[in-house]
2 protein chains.
Amino acid sequence: MDVTHVSETEPLGRLRKAGLRPTRQRLALARMLFSQGDRHVTAEQLRDEVAAEGARVSMATIYNTLHHFTRAGLLRHVVVDAGRTYFDTNTGHHHHFYVESEHRLIDIDGDTVRLASVPDAPPGRAIDSIDVIVRLKPDIRA
Amino acid sequence: MDVTHVSETEPLGRLRKAGLRPTRQRLALARMLFSQGDRHVTAEQLRDEVAAEGARVSMATIYNTLHHFTRAGLLRHVVVDAGRTYFDTNTGHHHHFYVESEHRLIDIDGDTVRLASVPDAPPGRAIDSIDVIVRLKPDIRA
DNA sequence: GACATTCATTAGAATTCTTCTAAATTAGCT
DNA sequence: AGCTAATTTAGAAGAATTCTAATGAATGTC
């Protein structure tokens, strides 16, 4: 395979740049994750998608890979639901709607939520990140 | 037992007001939860505390009770960590610091975080609640 | 290109947290 | 006291994730 010229947004280039060995499994997962716009996925979803494509990737590898990608800054962890971990391919500044009834996440552009004031971190601690989660329910006024 | 005059902030009155049968177990849990200021607890923590007091309450009852209390508006669910559910005795308007390294929650007064703008809910949905979580890490400038 | 080394993958077991089940107990009536 | 519905319980079951220890694959060296 000719790999002399690889875009940084292609799966291979992305992995290279992140210092991750491009294995068959990682390439498959990177393709699923990064070639269809911003996504919010769970490990289980990914497993099913990958399986549907005919690729064989174990659950352990899916978890390992998601964590590797997250550490490398390719993904971001989203905590909105106990007992379900979402990974977000949008690592930029933004927040989330969470449709509880459908277990579905929707991005909110970072600038749409402006914090007029942010509390100081307690002594000895620093702010790592600020998550804003807007929980949605069905609108009753049907 | 004389129950003619019961404060609404005493365990018994609290349960009565919420329409919950005051059982031995619920009274014990209510006492643990509501008589030492605002708290953030997990089911496991509560189990241990109750056990330390010598009361016998099964895990199933702890979960049942926490959920009953939450439905009754006595507690609030806090999601900050996948695979760990916190219950907050402060049901008023406020947000949270989360010290990831210690799995510890700290309240942020509701007015300390002002949202300058809030996004509109997508069509057919309404905003249920807005959570702001400020994640903390140890301050490096030791 | 073969070799050695290090890193990655895997199946399945194990862990953790939470919910379920079905039987026994208890609270709140009359 | 006796009735009924709500509650509690131990233990099994379930769901999501991590661990283990063995196999396999990528990379650097000659």
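Numbered from 1 within each chain, the chains take letters A, B, ... in sequence-line order.
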Comparing B:Arg24 and A:Arg24 on DNA chain C - which has the more 5′ nearest nucleotide: A:Arg24
Among residues at least two apart in sequence or on other chains, which ones pass ring pair (Phe, Tyr, Trp, His ring centres under 6.0 Å) with B:His96? B:His40, B:His94
Distance in angstrom units between B:His68 NE2 and C:dA27 P, rounded: 16 Å
Other than A:Val79, which residues form its hydrophobic cluster under the rule that side-chain heavy atoms must be closer than 4.5 Å? B:Val79
Can you measure A:Asn64 atom CG to D:dT20 atom P for me and round it to whole angstrom units? 13 Å
How long is the line joining CG of A:Leu29 and C1' of C:dT10, in whole Å? 14 Å
Answer with base, sugar-phosphate or nothing: what part of the nucleic acid does A:Arg56 contact at a heavy-atom distance below 4.0 Å? sugar-phosphate
Quick tally for nucleotides 14-19 of chain C: nucleotides whose base has a protein heavy atom under 4.0 Å get B, sugar-phosphate-only ones S, the rest -, giving ---SBB
Five-pair end axes of the helix from C:dG1-D:dC30 to C:dT30-D:dA1, angle between them (10°): 30°
Residues at least two apart in sequence or cross-chain that pass side-chain hydrogen bond (donor to acceptor under 3.5 Å, both in side chains) with B:Thr23, listed by chain then number, are none
Find the distance A:Leu20:CG to C:dA8:C1' and express it as a whole number of Å. 11 Å
Rounding to an integer number of Å, can you tell me how far B:Leu27 CG sits from C:dG28 C1'? 15 Å
I'd like to check the side-chain hydrogen bond (donor to acceptor under 3.5 Å, both in side chains) partners of A:Thr89; sequence neighbours left out, ordered by chain and number. none
Could you list all the side chain to side chain donor-acceptor pair (under 3.5 Å) pairs where at least one residue sits in residues 45-57 of chain B, not counting sequence neighbours? B:Arg39-B:Glu49
Among A:Ile106, A:Leu105, A:Thr112, whose side chain to side chain contact (heavy atoms under 4.5 Å, CB included) with A:Ile108 holds? A:Thr112
Nearest-angstrom distance from the residue atom CG of A:Leu66 to C1' of C:dA8: 15 Å
Which part of the nucleic acid, if any, lies within reach of A:Thr61 when heavy atoms closer than 4.0 Å are counted: base, sugar-phosphate only, or nothing? base
Please determine whether a side-chain nitrogen or oxygen atom of B:Gln25 lies at a distance below 4.0 Å from atom OP1 or OP2 of D:dT9. yes
What's the separation between atom OH in A:Tyr86 and atom OG1 in A:Thr42, rounded to the nearest 0.5 Å? 6.5 Å
Applying salt bridge (charged side-chain N to carboxylate O under 4.0 Å, His left out) as the test, list every pair that has at least one member in residues 24-33 of chain A; sequence neighbours left out. none
Distance check needed: C:dA27 P versus B:Leu12 CG, whole Å only. 12 Å
Point-to-point distance, once rounded to the nearest 0.5 Å, from CD of A:Glu10 to CG of A:Leu27: 10.5 Å
Shared-cluster residues of A:Tyr63, by chain and number - hydrophobic side chains joined below 4.5 Å: A:Met59
Let me know the distance between CD1 of A:Ile62 and C1' of D:dT18, rounded to the nearest Å. 14 Å
Between N or O atoms, less than 3.5 Å apart, protein on one side and nucleotides 2-7 of chain C on the other: list the pairs.
from  : atom 1 : to      : atom 2 : distance (Å)
C:dT6 : O2     : A:Arg21 : NH2    : 3.4
C:dC7 : O4'    : A:Arg21 : NH1    : 3.4
C:dC7 : O4'    : A:Arg21 : NH2    : 3.2

With B:His103 via ring pair (Phe, Tyr, Trp, His ring centres under 6.0 Å) - residues at least two apart: none
Would you mind writing out the side-chain donor-acceptor pairs for residues 122-138 of chain A within the sub-3.5 Å range, not counting sequence neighbours?
from     : atom 1 : to       : atom 2 : distance (Å)
A:Arg125 : NH1    : B:Glu102 : OE2    : 3.4
A:Arg125 : NH2    : B:Glu102 : OE2    : 2.8
A:Asp131 : OD2    : B:Arg135 : NE     : 2.9
A:Asp131 : OD2    : B:Arg135 : NH2    : 3.4
A:Arg135 : NE     : B:Asp131 : OD2    : 2.9
A:Arg135 : NH1    : A:Val80  : O      : 3.1
A:Arg135 : NH2    : A:Val80  : O      : 3.2
A:Arg135 : NH2    : B:Asp131 : OD2    : 3.4

Short side-chain N/O contact from B:Thr23 to OP1 or OP2 of D:dT8, under 4.0 Å: yes
